[in-house]
Amino acid sequence: MAKNDYGADSIKTLDPVTHIRMRPGMYVGEPGTGAMYHDCIYILMKEVIDNAIDEFGQGYGKKIDVKVDYGTGEVSVRDYGRGIPLEKVVDCVSQMNTGGKYDNENYQFSAGMNGVGTKAVNALSEFFEVRSFRDGEFSEAFFREGRIQSKKRGVQKTREPNGTFIRYKPDAKVLKNFKVREEHVLRRMKMYCYVNAGLTINLNGQAICSERGLADLISDEAQFEKLYAPFHIKTKTIEIIFTHTNRFGEEYHSFVNGQYTTDGGTHLTAFKEALTKALNDYDSKKRFDGDDIRDGLIGAVSVRIMNPVFEGQTKIKLVMNDIRADLAAEMKKAIEAELHRSPSETDKLIAKIEETGKIRSQLNTIKKQARERSQAVSVRVPQLKDCKNHLKLDKIDKKTGKPEGDGTMIFLTEGKSAGGTLGNARDAMNQAVFFLRGKCLNTCGLNKDVLYKNEEFFNLIKTLDIEDTIEHLRYGKIIFATDADVDGLHIRMLLTTFFMRFYRQLVSDGRVYILETPLFRVRNKKEQHYCFSDAEREEAIKKCGKGCEITRFKGLGELNAKEFKDFIGPEMRLTPVTCADDTDVEKTIKFYMGANTPERKDYIMDSLVCDATDF
């Protein structure tokens with residue numbers, strides 16, 4: 001119970017820098033470790049680069065130089081736009097709600113608009129340096145932890161092109177335990193170039209550019225899997241491109257004013273609606289179901305909008321329902337015209353949709369049989385120990401800004417031994433356990449009907465409630481909890497194959513993880529240490545001294561519930577399952593999980609490296 005001394009002294013007013021450093025999540029999103037694409041370490045970078053993109057969008061500066069130190073997180077960005085007005089350099093990077101994008105006079109379509117972004121970067125940086133070059137003059141300022149240390153203005157000794165230079169280093173005291181991942185940074189730079197055709201970003205000396213814009217994006221993403229030539233529509237404010245592949249599910253890339261909106265929003269909803277209506281109006285004799293149209297679809301949508309409204313400062317979702325109907329109508333008209341311009345490609349598109357409809361009809365029969373079989377056996381999932389709270393993606397918690405139940409999780413564990421330990425140690429409010437019966441089916445090369453013919457997978461998708469849509473997902477995290485042996489690693493691979501083939505969006509959304517459990521316990525009569533690596537074991541041995549007892553854990557069942565409680569609590573170690581953006585997923589899965597044993601064996605023998613100390 002709170003102390004009963006709540007009075008005037010309890011009320012505090014924080015200055016902006018202190019508030020940003022105390023509540024960084026309000027300004028740059030989830031702190032994270034850098035493992036996920038949306039962790040705040042990348043949002044800091046985005047906030048700085050967005051300003052350079054806005055300059056390019058106004059026709060100033062065709063290149064941006066970006067340098068990233070992946071070890072320390074230090075970043076520098078140099079654009080060749082107009083440069084910040086010299087007398088306003090300090091204000092633009094330190095005074096909240098200060099900016100030049102509150103009207104449409106200087107920036108008609110801009111990504112930055114709230115006067116917050118670079119101020120948050122400044123406040124969350126160990127040091128922050130800004131320098132503006134304009135017509136032979138310069139103005140610069142240097143900050144530490146958001147507080148100004150020095151500033152200077154004068155005439156350039158050596159004439160520099162107009163533009164702005166910013167260099168910063170994230171403050172490890174606020175953003176703890178982060179590591180910048182090269183693949184996430186490269187992905188962001190590519191996305192900037194795809195939606196801003198003609199822009200060149202030099203990332204650590206590597207030139208990234210796209211001459212065809214979104215056409216290059218779809219070409220790279222779909223690679224050789226396109227079933228027909230992509231339909232490409234481009235107007236002054238809208239650009240749409242889409243095609244189909246034989247992949248499961250749908251995949252979209254959406255943009256607003258030159259920046260990647262990974263959570264989509266109004267413009268993406270409008271596109272889906274427009275595509276369905278356009279195809280149904282194309283041939284009045286045929287009616288297509290929206291799910292059949294979208295299955296296997298890969299598309300990109302870019303819009304230019306004045307004064308866009310986003311969900312939060314990170315700007316990853318557009319929320320402007322008042323324009324959805326007009327936007328969908330405009331898109332529908334453009335898509336329908338494009339369908340009529342390319343009748344041969346449209347025929348291929350319709351053939352794909354009709355084939356999907358037939359498969360769906362067959363699946364519905366199998367689904368019905370699976371449900372009847374399941375109901376005949378049990379009214380509940382026998383392999384599940386459920387929790388009381390569940391994820392509700394359609395309800396946002398006002399305190400956290402995240403969906404209700406985002407902290408819930410389900411452990412997929414092998415056998416009753418490990419499952420029993422987990423079941424006794426878990427938090428029954430937020431942690432569920434699903435018991436696997438040893439090694440699950442290898443789904444490499446199998447069709448979607450396996451989800452209903454295989455009892456274990458059918459029970460799993462029922463438990464997760466993702467049979468019809470992943471929007472019904474019941475848990476914030478799906479965690480593989482397997483033994484630290486060869487069989488356990490194999491089960492991880494089998495589960496990864498299942499999710500990557502049929503529910504890849506869950507991996508992309510950062511919902512799938514691997515539980516790291518201790519490999520060793522080192523103890524003496526006074527203390528004990530649980531170690532997750534050989535390095536931690538050696539450090540523990542030094543602390544406990546000679547003669548200490550060393551235990552090697554192989555299975556989760558070897559840990560008792562009291563010990564295990566600490567490993568699935570607040571300090572739980574999780575490794576996210578991720579997929580590099582340039583990976584050909586199907587090809588990779590076929591190589592590692594397909595029926596090509598001799599080829600895999602040769603690869604292992606050629607790639608195996610053994611250090612003499614291992615023996």
Side-chain angles (χ1 to χ4, degrees), residues 17-18 20-25 27-53 63-79 89 93-94 116-132 140-151 163-192 201-208 313-314 510 516 532-533 535-536 539 571 573-576 578 580-582:
V17 171
T18 303
I20 292 170
R21 291 175 67 82
M22 184 178 288
R23 300 282 188 267
Y27 300 90
V28 293
E30 186 73 25
T33 62
M36 304 307 296
Y37 186 82
H38 292 307
D39 285 351
C40 71
I41 202 70
Y42 308 111
I43 301 300
L44 298 181
M45 197 181 305
K46 170 186 174 298
E47 293 289 0
V48 176
I49 296 175
D50 278 355
N51 291 322
I53 295 297
K63 71 171 182 175
I64 303 170
D65 297 329
V66 180
K67 292 182 180 179
V68 180
D69 185 324
Y70 296 108
T72 65
E74 182 179 322
V75 175
S76 70
V77 179
R78 169 67 157 104
D79 70 47
V89 166
V93 299
S94 62
V116 173
T118 50
K119 293 80 171 174
V121 180
N122 188 354
L124 295 170
S125 295
E126 181 182 323
F127 66 78
F128 183 96
E129 178 183 357
V130 58
R131 189 173 298 110
S132 177
E140 65 182 15
F142 190 83
F143 299 78
R144 283 198 177 277
E145 298 180 5
R147 312 291 181 183
I148 190 164
Q149 305 297 305
S150 63
K151 62 180 180 177
T164 304
F165 171 82
I166 288 178
R167 184 171 69 98
Y168 69 91
K169 181 181 178 183
D171 193 343
K173 295 194 294 293
V174 181
L175 309 175
K176 301 175 182 178
N177 302 320
F178 67 82
K179 178 175 174 54
V180 182
R181 295 180 61 160
E182 186 175 356
E183 63 267 29
H184 290 331
V185 175
L186 183 60
R187 174 69 165 176
R188 284 188 176 275
M189 300 307 114
K190 284 183 176 180
M191 285 298 171
Y192 278 125
I201 296 181
N202 296 307
L203 175 61
N204 290 347
Q206 176 188 355
I208 303 167
Q313 173 62 23
T314 52
E516 302 295 343
F532 292 76
S533 65
E536 290 186 16
E539 188 65 30
E571 301 301 317
R573 297 195 192 187
L574 295 176
T575 300
T578 60
D581 299 303
D582 58 353

Gap between atom [atom2] of [Y] and atom [atom1] of [X] - 0.5 Å precision:
{"X": "Glu47", "Y": "Cys40", "atom1": "CD", "atom2": "SG", "result": "11.0 Å"}
{"X": "Leu44", "Y": "Lys169", "atom1": "CG", "atom2": "NZ", "result": "14.0 Å"}
{"X": "Ser76", "Y": "Glu129", "atom1": "OG", "atom2": "CD", "result": "9.0 Å"}
{"X": "Lys46", "Y": "Ile41", "atom1": "NZ", "atom2": "CD1", "result": "15.0 Å"}
{"X": "Met45", "Y": "His184", "atom1": "CE", "atom2": "NE2", "result": "11.0 Å"}
{"X": "Glu571", "Y": "Arg573", "atom1": "CD", "atom2": "CZ", "result": "9.5 Å"}

Problem set entry | NZ or CZ of Arg188 within 45° of Tyr37 ring axis and under 6.0 Å |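 Yes, a cation-pi geometry holds between Arg188 and Tyr37.
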
Exercise. Residues in ring pair (Phe, Tyr, Trp, His ring centres under 6.0 Å) with Tyr168, at least two apart?
Worked result: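 Testing Tyr168 for ring pair (Phe, Tyr, Trp, His ring centres under 6.0 Å), a comparison that skips the adjacent residues, returns none.
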
Taking the side chain as every heavy atom from C-beta outward, state whether [X] and [Y] have any pair of such atoms under 4.5 Å apart.
{"X": "Pro170", "Y": "Leu124", "value": "no"}
{"X": "Tyr42", "Y": "Arg181", "value": "yes"}
{"X": "Phe143", "Y": "Phe127", "value": "no"}
{"X": "Phe178", "Y": "Thr33", "value": "no"}
{"X": "Glu140", "Y": "Ser132", "value": "no"}

Problem set entry | Derivation of the side chain to side chain contact (heavy atoms under 4.5 Å, CB included) call for Asp79 and Asn51 | CA-CA 9 Å; Asp79 70 47; Asn51 291 322; 5.6 Å; no

Which heavy atom of [X] sits nearest to which heavy atom of [Y], and what is that distance?
{"X": "Asn204", "Y": "Lys67", "value": "OD1-CA, 3.1 Å"}
{"X": "Val121", "Y": "Phe128", "value": "CG1-CE1, 4.0 Å"}
{"X": "Ala141", "Y": "Ile148", "value": "CB-CD1, 4.4 Å"}
{"X": "Arg147", "Y": "Gln149", "value": "O-NE2, 3.1 Å"}
{"X": "Tyr27", "Y": "Ala120", "value": "CB-CB, 4.0 Å"}
{"X": "Val93", "Y": "Asn122", "value": "O-ND2, 2.9 Å"}

Exercise. Can you name the residues that form a side-chain contact (heavy atoms from CB on, under 4.5 Å) with Lys173, not counting sequence neighbours?
Worked result: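 With neighbours one apart ignored, the set is Arg21, Glu145, Asp171.
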
Exercise. After noting the C-alpha distance and the side-chain angles of Ile53 and Tyr192, does the key distance pass the side chain to side chain contact (heavy atoms under 4.5 Å, CB included) rule?
Worked result: CA-CA 8 Å; Ile53 295 297; Tyr192 278 125; 3.5 Å; yes

Exercise. For Ile208, which of Leu186, Asn202, Val66, Ile64 qualifies under side chain to side chain contact (heavy atoms under 4.5 Å, CB included)?
Worked result: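 Of all the options given, the one that passes is Leu186.
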
Exercise. Which is it for Arg167 and Glu74 under the salt bridge (charged side-chain N to carboxylate O under 4.0 Å, His left out) test, yes or no, and what are the steps along the way?
Worked result: CA-CA 7 Å; Arg167 184 171 69 98; Glu74 182 179 322; 3.0 Å; yes

